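Note that this is a predicted model, so its numbers are computed, not measured. Scope of the values below: all heavy atoms of this structure, side chains included, with no hydrogens, waters or symmetry mates.
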Amino acid sequence: MKSQLPDNLVRFNVYMLRDHVARLIRIAERLTETKRRDVRLGEALEVALTAGLSWTDRDILDLSTPDHQADHWLQVGPVHRRGGEVLLPSVLTR
C-alpha cells in the first residue's frame, strides 16, 4: 500500500555527483546521531539545500560550471518530461 506524501513534500528522481552523495550520506549519518532516529537521505539533502539556498540566486549561479568543464551533465542526455507534470513555482506555493 502506498503512503500519501505530506502536502509540503515532492518526490522526484535526480542525478547527482558521487562525491555529493557521499557528503549527503555523511550528513545523514550525523543527523541520525543528533536526532537519534533513522534519517532519509532526502532530509540530509533538505538541510544542505537550506544552507545553500540562503545565498542569493546570483551567488548560486556563479557556482555553475561551464559545460566544457562539466560535460557529465551532457552525457546524461536530454531532459524528457514524458507526460510528467511540470512543477511551476505557482503550483508549489498553493
Side-chain angles (χ1 to χ4, degrees):
M1 181 170 145
K2 276 187 157 180
S3 62
Q4 186 69 26
L5 281 177
D7 288 340
N8 59 339
L9 294 181
V10 178
R11 182 180 174 156
F12 61 97
N13 294 323
V14 62
Y15 292 101
M16 300 180 95
L17 294 174
R18 289 181 190 275
D19 59 336
H20 291 166
V21 173
R23 179 80 186 273
L24 286 172
I25 290 169
R26 285 196 309 270
I27 292 169
E29 288 170 347
R30 291 199 171 167
L31 277 173
T32 296
E33 293 168 3
T34 301
K35 294 186 171 207
R36 297 176 187 204
R37 64 170 174 79
D38 286 337
V39 173
R40 293 180 180 271
L41 198 56
E43 194 170 349
L45 178 60
E46 182 66 28
V47 170
L49 284 170
T50 298
L53 294 176
S54 65
W55 294 16
T56 66
D57 289 353
R58 182 73 257 157
D59 289 340
I60 293 171
L61 292 172
D62 286 345
L63 296 173
S64 177
T65 308
D67 286 345
H68 70 278
Q69 292 177 355
D71 65 342
H72 49 272
W73 289 114
L74 299 175
Q75 294 172 20
V76 173
V79 175
H80 295 287
R81 291 185 175 84
R82 292 169 266 178
E85 189 177 324
V86 178
L87 296 175
L88 302 173
S90 61
V91 173
L92 292 174
T93 57
R94 288 187 204 151

Discussion item. How long is the straight-line distance from NE2 of His20 back to CD1 of Ile27, given to the nearest 0.5 Å?
Written reply: 10.5 Å
Worksheet item: How long is the span from the CG atom in Leu31 to the CG atom in Leu41, to the nearest 0.5 Å?
Response: 10.5 Å
Discussion item. Surrounding CG of Asn8 (heavy atoms of other residues, nucleotides or ligands, distance under 6.0 Å), is the total greater than 12?
Written reply: yes
Fill in: Path from Val21 to Leu63 over hydrophobic side-chain contacts below 4.5 Å
yes
Discussion item. Atom CG of residue position Asp19 - does it have more than 12 heavy atoms of other residues, nucleotides or ligands inside 6.0 Å?
Written reply: yes
Worksheet item: Can you name the nearest heavy-atom pair linking Trp73 to Tyr15, along with the distance?
Response: CH2-O, 3.3 Å
Discussion item. If I compare all heavy atoms of Ile60 with all of Gly52, which pair ends up nearest, and what's the gap?
Written reply: CD1-O, 3.6 Å
Discussion item. Quick check on the hydrophobic clustering: are Leu49 and Val14 connected, directly or via other members, by side-chain heavy-atom contacts under 4.5 Å?
Written reply: yes
Discussion item. I'd like to know whether CZ of Arg37 has more than 12 heavy-atom contacts from other residues, nucleotides or ligands below 6.0 angstrom.
Written reply: yes
Item to complete: Measure the CD-CG distance between Gln4 and Leu9 for me, rounded to the nearest 0.5 Å.
Response: 11.0 Å
Discussion item. Please report the interatomic distance CD(Glu43) to CD(Glu46), rounded to the nearest 0.5 Å.
Written reply: 9.0 Å
Worksheet item: Which pair of heavy atoms, one from His72 and one from Leu17, lies closest together, and at what distance?
Response: NE2-CD2, 3.4 Å
Worksheet item: Under 4.5 Å between side-chain heavy atoms, hopping through other hydrophobics if needed: is there a path connecting Met16 to Ile25?
Response: yes
Worksheet item: Hey, quick one: are Leu53 and Trp55 part of the same hydrophobic cluster, counting side-chain heavy atoms closer than 4.5 Å, chains of contacts allowed?
Response: yes
Practice prompt. Report the distance from atom CD of Glu29 to atom CZ of Arg26, rounding to the nearest 0.5 Å.
Written response: 8.5 Å
Worksheet entry | Asp62/Arg58 ion pair, N-O < 4.0 Å | yes
